[in-house]
> 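After the structure tokens below, expect a handful of questions from me.
So you know, we letter chains A, B, ... as the sequences are listed, proteins then strands, and number each from 1.
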Amino acid sequence: MRRDDERFAALYQKYYWRIVGFYKSAFRLEQQDAEDLTQEAFVRFLRALEEYRGDAEWAFFEKIARNVAYNHIRHHGTQMRGAPTVDLDDPNVHTEVEAKEEAGFAEREEARQRVAWLRDAIAALPAGQRQCLQLQLQGFTGPEIAKFLGISHMAVRSRIRDARRSLRASVGNAVDELPEDES
Amino acid sequence: MTMWKTANEELLAEQRRRLGAPPTAEEVLALTLGKLSDEEAERLRDRLIAYPELVRTLTAPFPAEEAEVVPFAPRRWQSATAIAAMLAIVLGTLLWRAEERSAAPHVIREIHLLTPDGGRGPAEVAKLSPDGDWVLAVPLAGEQRFEQYRVEIADGAGKRLWRSDLLPQPASDTFTIVVPRAFLRPGTYRVVVNGVADGQEVPLTSFTVRVE
């Protein structure tokens, strides 16, 4: 058996179920879908091993496994992990943007304008600050943001601090309503 | 939802409209493999931010590689010596149980040495005949070892039917399970070995069996 085949067989035997678990827990996939993706990831990895010349095979496999997930979700879509789901047609659901039933047009319009004002303030931030803040508002942690942007965790915290400072200059005390900075 | 999150959702929707479809899997693979220029990478990330569920594929915690993986030695658990040692333990156990239960010897007709799922080559599914009880010899495959283990049996839908107590490392690298005939109806089942460390259970190997 070639060295590549031995290495592949060892990784497959050892990690198959862990990768299935990764797909299930990270992306809320059903068992069958997770196993299908795991098979696909290992097949692509085996093919790619023939041309791979580095020695960080696990990191290489991780990129392939993530890419398989990306392709699947891009085509099928899934709920973002941890994102709240709200049925806006449910009469019992209220958001801060929706005024109470008895509120008039003026209050609703004021809320809409306030959201637009905050939206424009975020859009006006320098790109690095805006990216970090947007990801934080979507529920990503500091380490996750750092991993995605390819920067250090320290740099993420610094950019979010700068973003809050920039926003205070444009929207004043409204920045105090930002979610807690837990980056 | 706070006003800030609502504002961000509106901004994301606007970004999706302006930037168009999310990057393709090929573009994202090029990003993760470091094949894009800084400028190209920056533009791609900006497109991705508008699709948080896709960002999640790049940031979700991934299983870490553990201790050095040695090449898989398929003969490790199939060697004649290992099988003989295992059978000696199994038969010894059976005789002890037979003496415990009654004065007359009791024969178990089928002893199955299970083959792990997912191995290369044709799948080997143990077929259990409907006559009598079964003994399943469940080998520990691979090189990783844990302080404790648990063995489970699940039906074809993944529903757990039985779970062992915490088990120590078996001396012969093989667990033996005596399964009464009445426990499993005809169908396909999966035997799973989990490693247990720090209170966490990690699935290690699975074996498919079919009751006829």
> So, does A:R119 use its side chain to make a donor-acceptor pair with the main chain of B:W4 at under 3.5 Å?
no

> With a 4.5 Å cut-off on heavy-atom pairs, point out which of A:G150, A:A116, A:A174 contacts chain B the most.
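Most pairs with chain B among the choices: A:A174.
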
> On the 0 to 90° scale, with breaks at 30° and 60°, tag the A:W58-B:F62 ring pair as parallel, tilted or perpendicular.
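A:W58 and B:F62: tilted rings.
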
> Give the member of B:L29, B:L12, B:L33 that has the highest number of heavy-atom pairs under 4.5 Å with chain A.
B:L29

> Relative to chain A, which segment of B:L31 carries a heavy atom at a distance below 4.5 Å: side chain, backbone, both, or neither?
neither

> Within this structure, what is the CG-NZ distance for the pair A:L178 and B:K5, rounded to the nearest 0.5 Å?
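One gets 10.5 Å once the value is rounded to the nearest 0.5 Å.
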
> Testing the basics here: between A:F148 and B:R45, what is the closest heavy-atom pair and its distance to 0.1 Å?
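Answer, listing the atom of A:F148 first, then B:R45: O-NE, 2.9 Å.
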
> For residues B:E10 and A:V115, report the shortest heavy-atom separation together with the two atoms involved.
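Residues B:E10 and A:V115, closest heavy atoms: OE2-CG1, 3.5 Å.
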
> For chain A, which residues of residues 14-26 of chain B have at least one non-hydrogen atom nearer than 4.5 Å to it?
B:E14, B:Q15, B:A21, B:P22, B:P23, B:T24, B:A25

> Can you measure from OG1 (B:T57) to CG (A:N71) and round to the nearest 0.5 angstrom?
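One gets 10.0 Å once the value is rounded to the nearest 0.5 Å.
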
> How close do A:R18 and B:P63 get, heavy atom to heavy atom, and via which atoms?
O-CG, 3.9 Å

> Which one wins on heavy-atom pair count under 4.5 Å against chain B: A:K147, A:E62, A:R130?
A:E62

